[in-house]
Each structure stands twice: as structure tokens, then as C-alpha cells.
Amino acid sequence: MPTTHTLIIGAGQAGLAMSRCLTDADIDHVVLERGRAAERWRTQRWDSLRLLTPNWAARLPGWSYRGRNPNGFMTAAELADYLSAYATSFDAPICEDSAVRSLEPHDDGFVVRTDDAVWLAANVVIATGWCDQPRVPAMGAAVDGRVTQLTPYSYRNPGQVPDGRVLVVGASATGVQIADELARSGRDVVVAVGRHSRLPRRYRGMDIWWWLEQIGTFAKTIDDAPDPARARSEGSLQLTGRPDQRDVDLPALQALGVRLTGRLAAADGGTVHFADDLPATTSAADGRLERILAQIDDHITASALDAEVLSPSPLAHLSPVPPTRQLDLLGDGFSTVVWATGFSRPYDWLRVPILDRAGEITQRRGVTPLPGLYVLGQRFQHRRDSSFIDGVRHDATYVAGHIARRVRPHQRFTPLTPRTAP
Ligand SMILES: Cc1cc2nc3c(=O)[nH]c(=O)nc-3n(C[C@H](O)[C@H](O)[C@H](O)COP(=O)(O)OP(=O)(O)OC[C@H]3O[C@@H](n4cnc5c(N)ncnc54)[C@H](O)[C@@H]3O)c2cc1C
């Protein structure tokens with residue numbers, strides 16, 4: 001049975017950051033990855049996707065962007081290369097093609113089974129990703145079978161979508177980007193808008209991500225959140241990273257001819273029904289945006305930066321939208337529904353009692369109630385940016401420190417027992 005002190009499950013940015021921290025601490029470990037390093041960015045992203053975070057905000061332990069365009073936005077393939085180069089830089093001990101099928105307690109540690117091996121480890125770090133599986137609401141099952149249903153992981157480009165109109169459900173980063181791409185390819189698109197948080201790409205001459213860092217948004221911790229459960233269930237930002245820096249928001253979609261409706265409330269065969277909540281949803285998003293911009297303005301004044309930055313420019317607003325309460329998908333020529341409705345994390349392979357009532361891993365700063373079991377990359381795990389590329393380094397450092405205190409000095413450098421190839 002191959003043995004190691006610490007098993008990391010998943011070689012995305014979180015698993016790699018963890019591996020780098022354990023390498024620096026001379027702690028024996030292995031990373032089990034079901035595909036290749038950065039697998040999601042190789043096989044589970046649509047063709048035109050770029051990061052919404054700027055290149056400079058891809059800092060990992062001992063690694064940062066050194067290219068020529070720190071203010072640009074990497075494509076998925078570029079991020080996969082960036083993460084692979086990171087793994088190579090410290091010779092990360094990754095076992096590829098090793099999908100973990102189960103994890104269970106064993107003596108003072110854990111047994112972890114893949115298709116080919118049974119691993120024994122004193123510690124395990126779960127780094128399988130917050131965006132594990134696209135979440136399709138139960139009403140998806142009630143949509144007529146003649147309508148094609150896609151998710152952010154199965155959508156690739158407009159050419160793949162059957163002829164006809166498209167309903168995009170969800171208006172966070174994924175929904176607006178896919179709607180924009182489909183509309184620009186000549187498709188007739190309707191977007192069902194749920195709760196979202198809107199941000200402009202640039203404000204007063206600087207990138208919004210830079211401003212958010214300046215005003216301390218990302219350093220806010222879950223302890224600062226008045227309602228932690230709500231903070232952790234916030235949707236992704238309605239923000240995109242494009243070479244031309246243009247905003248892809250609801251006013252921009254409306255100007256392209258995209259029809260906007262309220263939240264999708266029900267599906268019944270070929271008919272879908274919408275809530276009458278578009279004005280309330282968009283004015284709530286505008287209100288949150290105005291509060292963030294006011295914080296930035298206050299920061300500018302407090303830092304005496306007024307003369308250094310541009311004056312505020314007016315925000316685009318939606319023109320009045322006649323309410324749409326239902327659509328006859330088949331009768332109105334809709335071929336496809338794209339579900340951009342968030343992600344879920346099925347932890348059915350975890351045979352340990354650490355899930356809360358919502359099915360999420362119980363943890364504080366990545367430390368679960370089971371000694372030796374850790375998690376990384378959770379939404380708002382500790383900081384606001386815990387699940388972002390740039391934020392995981394803080395949690396990885398903290399978890400590595402916790403693991404280091406559990407590892408006795410003589411256990412460093414060498415595996416507990418000689419490791420055999422799985
Ligand atoms: C469309 C999209 C765009 C995004 N854009 C940005 C962005 O611009 N900036 C940003 O900061 N964040 C972005 N995110 C959030 C993004 O998910 C995280 O930043 C980040 O990639 C998550 O890294 P991770 O290592 O936690 O998880 P992942 O990258 O998901 O890595 C988890 C790894 O675990 C592996 N794995 C899963 N299950 C198993 C198993 N059972 N056994 C073995 N291996 C397993 C997977 O193959 C994967 O390689 C985006 C997310 C999505 C979905």
C-alpha cells in the first residue's frame with residue numbers, strides 16, 4: 001500500500017499551492033489528480049473564455065505572473081500553461097490519471113482509494129474545487145427533451161449550439177459572457193436574470209480588481225461577514241476580462257438586442273415561466289455597485305488621489321424592459337437552454353462525517369473537525385478571495401503550518417514507509 005504523510009486531492013491552483021507550501025516545509029506528500037495538472041482549464045472551459053481577474057492577480061506561493069501583460073487576462077489555455085509551469089518549477093509530486101473514488105478514516109490517518117491504488121496517509125487535503133459540477137436546477141428535468149440543454153462545462157462555442165433561439169439562465173460572469181458571444185454570432189438570445197453583483201471593468205481610469213484590492217475587499221474574512229452562510233452562497237461577479245476591456249453587463253447585452261427577463265421560476269415541458277423580479281434584481285445589483293464605487297471614491301479622497309485619477313463616469317443603465325412572464329420554447333423557436341446557474345460539490349466519495357446540512361465541508365480556515373483532514377479553495381473559506389486564483393495562497397500557507405505542527409520532525413523528508421508505484 002503506497003503511503004505518504006500528506007495526500008492532496010486535486011492539482012488545480014489550490015492543490016499546487018498546497019504542494020508548494022509542503023515542499024517548502026520538507027513535508028512528504030503526493031498530489032492525486034484525476035486528469036492532468038490544471039485539468040479544468042484544459043477540458044472544462046468554453047473556447048473564448050478569459051479570466052476575469054487580471055494577470056497580476058495570479059499570485060501563488062513562490063510564483064507570480066512575469067509576462068509582458070500584467071493588466072491583461074489569460075485564456076484558459078494560458079492559465080493551464082501557467083499552472084503547469086508552476087508545478088514543474090518545484091517538481092510537484094503529482095500522480096496524474098488518479099481519480100479518488102473514496103476517502104475513509106484508518107487508524108490515525110486515512111485510506112484513499114483510486115482505481116489503481118489504495119493510499120494510506122496521515123493527513124489529507126481536499127482540493128477538488130469549488131466549481132466541481134455545474135448546478136442545473138431540478139426544473140431542468142421538466143424541460144421538453146427536444147430542447148438541448150448545455151452547462152458551462154458542455155458549452156464550447158456558438159457553432160456547437162443547434163440553430164434556433166437560446167435561453168441563457170443566469171446573469172453572473174458565465175451567463176453574460178455566453179449570452180454576449182451567442183448574440184454576437186447572430187443568435188436571438190433571452191437571458192433569465194437572477195441575483196447578481198455587477199462591476200465595471202474599469203473605474204476612474206484603473207482596473208476594478210486593483211481598486212478592490214486597495215480598499216481591502218479581498219482581505220475581508222468570513223468573521224467580518226454579518227451573514228456567513230449568505231456570504232458563502234453569493235453568485236460569481238458579473239465581470240469579464242477582455243482584451244478590449246469592454247463591459248459585458250446587462251445594459252451592454254440589451255444594446256445588442258438580447259431580451260432580459262426575471263428569474264426562471266418554473267419549467268413545464270415546452271413552457272418556461274419567469275418571476276416578475278427583473279427591476280428589483282437589477283436595482284439591488286446597482287445599489288450594491290454604487291456602494292462599492294462610493295467606498296472607492298472615499299478611499300481616493302482619503303488617500304489624496306483625486307488629482308491622480310479620472311473623474312467618475314456615469315454608469316450605463318437598463319432601458320425599461322417589458323415584462324416577459326412565460327415563453328413557449330418550442331413554439332417560439334428555442335433550440336437550447338444554457339444553464340449558467342452556479343456549481344455544486346458532490347462529496348459522495350467522502351466516507352467521513354464532515355458535511356454540514358447543506359452538504360458542504362465543515363471547516364474553519366481549511367481545518368475540518370477530523371484531525372488530519374483539511375480542505376482548500378472553498379468559497380470564502382477564510383478570506384473573500386479564498387476561492388480565487390490569487391487568494392488561495394493565504395489559506396495554503398495556513399493549512400501547511402497546521403500540518404507541519406502535526407508532523408514529527410523525524411517524519412520529514414522520507415515517506416512513512418517506502419512508496420511503491422501505484
Ligand atoms: C468558468 C470559470 C471561470 C473562472 N474564472 C476565474 C477567474 O478569472 N479568476 C479566478 O480567480 N477564479 C476564477 N474561477 C474560479 C476558479 O474555479 C478558481 O479560481 C480555481 O480555478 C479553483 O481552483 P481549485 O484548485 O480550487 O479547483 P480546480 O481548478 O477545480 O481544481 C480541482 C482539481 O481537482 C481535480 N479533481 C476533482 N475531483 C477529483 C477526484 N475525485 N480525484 C482526483 N482529482 C480530482 C480536478 O480534475 C481539478 O484538476 C473561475 C471558475 C469558472 C468555473
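Both counts, for ligands and for their atoms, begin at 1 and track the order of listing.
Heavy atoms of Gly35 come nearer than 4.0 angstrom to ligand 1 in no pair at all. The shortest separation from a heavy atom of Ser387 to ligand 1 is under 4.0 Å, placing the residue in contact.
Between Arg34 and ligand 1, at least one N/O pair is under 3.5 Å apart.
For atom 8 (O) of ligand 1, the closest heavy atom belonging to the protein is Leu52 N, 2.7 Å. Annotation: atom 35 (C) of ligand 1 to nearest protein heavy atom, Glu33 OE1, 3.2 Å.
Near Glu39, meaning under 4.0 Å from one of its heavy atoms, ligand 1 places the atoms 47 (O), 49 (O). In the vicinity of Ile9, heavy-atom distances shorter than 4.0 Å reach the ligand 1 atoms 42 (N), 43 (C). Listed by atom number, the atoms of ligand 1 under 4.0 Å from Leu32 heavy atoms are 43 (C), 44 (N). For ligand 1, the atoms sitting less than 4.0 Å from at least one non-hydrogen atom of Gly129 are 26 (O), 27 (O), 30 (O), 32 (C), numbered in the order shown with element in parentheses.
No side-chain donor-acceptor contact under 3.5 Å links Asp395 to the backbone of Leu376. Gln381 contributes a side-chain N or O that, together with a main-chain N or O of Gly377, makes up a donor-acceptor pair within less than 3.5 Å.
Looking at heavy atoms from C-beta onward, Val337 lies out of side-chain contact with Leu264 at the 4.5 angstrom threshold.
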